[in-house]
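Notes follow the structure.
Every chain is numbered from 1, with letters handed out A, B, ... down the list of sequences.
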Amino acid sequence: MSIPAAVPSSMRRRSYIFGGLSLMAMVILGVTVGPVRIGAGAALREITDRVLPLSVDSGLSEQDAAIIWQLRAPRVVLGAMVGAMLATAGGAYQGVFRNPLADPYLLGVAAGAGLGATAALAAGAGADTLPVAAFAGAVLAVGATYYFARAAGGRRTSATLILAGVAVGSFLAAVQTFLQQQSSDRIREVFTWLLGRLSASTWSQVVTVLPYVVVSLAVLFAYRRVLDVLSVGEEEAATLGVKPVRARLVIIAAATLGSAAVVSMTGLIGFVGIVVPHAVRMVAGVSYRVILPLSMVVGAAFLLAADLLARTVISPGELPIGVVTAFVGAPFFAVILRRREAS
Amino acid sequence: MKSLAGCLLGLAVLVMSCTSPITVDSDAGQMTLDERPDRIVSLSATHTEILFAIAADHLVVATDLTSNFPTAAEATPKVDAFNFNVEEIAAVEPDLVITAFNFLGEVSALQAVGIPVLLLAPASNMEDAYHQIEILGEVTGRSDEAANLVSSMRTRVEALINTASGDSLTVFHEVENTLFSANSSTFLGDIYRRLGLSNIADAVPDDFGSGYVQLSEEYVISQDPDLIFLGDADFGESIESIGARPGWDTLTAVRRGAVFELDGDIAGRWGPRTVDLVEDIVTAINSVS
């Protein structure tokens, strides 16, 4: 089987190089830019000292060293993980549902994860249980969306799925709001969480989320060829030896697990899952063998760039990062919609 | 004729025995009451404390849920000022409502149903607080008690300021754990300033002019303040929780134990117990310097 690649391989190679360089640039900016002025050289020496088995004297005061390593570094690592995960999951959802609008938000995954995490917070659970609670809520949401879309009868079109997702998402969001009102002592915490935040990133959050993200990405990458086959059609896939129903379930479960885990730590950061895979598609073609890995790299860079804006635009204050991704993402999304209409 | 004169005389006596109209400056403009109120509802914990401290408690028929001091105030019938409902308050039939906030249009809502409102917004310094005590004294006919309270508070505060050795120490006051802080234009900030402390929140632009500014974690760490006061201890923050935040273990104040939990009920009010707050702060300062 060979999937036609509409884009020459040199273009794809250039996309990888561009994505990689952007990510590197964003990582460096991420640790050097902040409300407190610390020289870029000293900041990078401090990182080198911590990461590599070298002893480098950064010349920073103990407090400035802590700002670099305890505040900025985990924030950059978590941000990159969140961006990579949301973008890759978005690409996978679009493939598995054969629906260009599918993303963690429109399917109700984010709302379900939000409800799960809110319920856990309201019950006084600790931070390390949030990914599990969020995953439970997200699975519930995807299951409900899938069920209602099927219940709509034989016409299981793209629109049916998205409409079911929107209905489920709205319902879960209403339940979440109700829970918030019930636990008003923790309401502020939940509200800041809803807008999406990276500002309180810690190494322990990185460690909590990492296994979920690694497993999820590994499964999705293993299935990227299957996604290409599925995109041709279910019957064709079956003749090529792929079990469509099982493959779909595995891909949905993996994408949902990863999305729920990052949403549980950073709150609702929208549009990454839809903007990044579409942008990647425009330059690097329609094959998921390219879309998924490139979405991962570009998604990480995109989120770090959004975070950089979030913390510099109204410095020394900070915008919720979800506001920035929506501000950049929504117009981009509108452009994509227009192009699809036109073509 | 004789009976008419008697009538007039009787009327004059009646007017004399009743109180003349009371006019005071409220933060919602001048407020005039035709007679002394005897069914007061206090929607503000600060003003409840003041009413009880100037022996006007017998005029109070209901207080807000947060009015928990003194113990007798806790036992009064309760109304909910946070989820303000004009009908709930009208049902108590007050002849005066005292409130510190007008977030939800409380003043116009109450005035619309004919209930006089005295709005006394949060004080921005001790002089403001003293003035509010005097206003409550005037309204309740307890001016002497109010004057005595103010003069004893003033004496104690001045004495405490003289014993504080806070010069050249820097302070970070945490209002809540998203690092909102209070600069020197706030009530608490003014107390820190008068005790000689230098407030790290003063260098941050105060765009809304509220005096409450959000600091970045990086900024607090880089400033390495000598003293940290926690206004959010009631919400679970402590020297342990502060020290467990990433990077905060490098702070001098955390290492020397110069992190102090303030009683949120007292630190959030500008009443008689503010003097106790000043005393706690002075004790904290003198334990460090």
Side-chain angles (χ1 to χ4, degrees), chain A residues 30-39 42-43 46 50 60-78 124 126-127 181 184-193 195 197-207 310-320, chain B residues 65-66 80-84 170 172 174-181 183 200-210 212-226 228 231-237 241-256 258 264:
Chain A
V31 291
T32 52
V33 175
V36 171
R37 265 176 212 278
I38 297 174
E46 179 65 29
R50 305 269 189 160
L60 291 175
S61 72
E62 203 180 351
Q63 284 81 23
D64 284 352
I67 288 172
I68 296 292
W69 185 248
Q70 300 288 342
L71 299 183
R72 292 185 190 171
R75 181 177 186 146
V76 166
V77 173
L78 192 68
Q181 302 288 352
S184 58
D185 49 331
R186 304 189 67 113
I187 201 164
R188 208 168 20 189
E189 192 175 336
V190 174
F191 271 129
T192 50
W193 180 83
L195 286 170
R197 57 178 178 155
L198 280 176
S199 51
S201 310
T202 62
W203 283 120
S204 75
Q205 282 185 319
V206 171
V207 171
R311 53 189 164 125
T312 48
V313 169
I314 56 162
S315 178
E318 263 188 36
L319 283 172
Chain B
L65 290 174
T66 63
D80 187 354
F82 184 72
N83 297 303
F84 174 78
T170 56
F172 165 59
E174 178 166 299
V175 174
E176 47 118 293
N177 65 9
T178 58
L179 304 188
F180 267 94
S181 187
N183 72 21
I200 69 166
D202 283 344
V204 175
D206 180 11
D207 294 334
F208 302 106
S210 67
Y212 294 95
V213 290
Q214 189 171 22
L215 310 184
S216 70
E217 208 160 21
E218 291 194 5
Y219 179 72
V220 176
I221 292 175
S222 71
Q223 289 296 305
D224 195 16
D226 297 308
I228 297 177
D232 51 2
D234 292 353
F235 295 95
E237 298 300 341
S241 74
I242 296 277
R245 293 178 188 170
W248 289 58
D249 54 337
T250 61
L251 293 183
T252 314
V254 171
R255 289 190 178 156
R256 294 203 302 194

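Each of B/E218, B/E217, B/Q223 was evaluated against A/V36; a single residue qualifies, B/E218, per the side chain to side chain contact (heavy atoms under 4.5 Å, CB included) test.
The shortest heavy-atom contact between A/P35 and B/S216 is CG-OG, 3.4 Å. The two residues B/D224 and A/Q63 make their nearest non-hydrogen contact at OD2-NE2, 3.3 Å. Nearest approach of B/P246 to A/L71, heavy atoms of both residues: O-CD2, 3.6 Å.
The CD atom of A/Q70 sits 8.5 Å away from the OG1 atom of B/T250 when rounded to the nearest 0.5 Å. In this structure, B/T252 OG1 and A/E62 CD are separated by 8.5 Å, a value rounded to the nearest 0.5 Å.
In this view, B/W248 satisfies the ring pair (Phe, Tyr, Trp, His ring centres under 6.0 Å) rule with no residue, not counting sequence neighbours. Listed by chain and residue number, B/L65, B/F82, B/N83, B/E88 satisfy the side-chain contact (heavy atoms from CB on, under 4.5 Å) test with B/D80 (two or more places apart in sequence, or in another chain).
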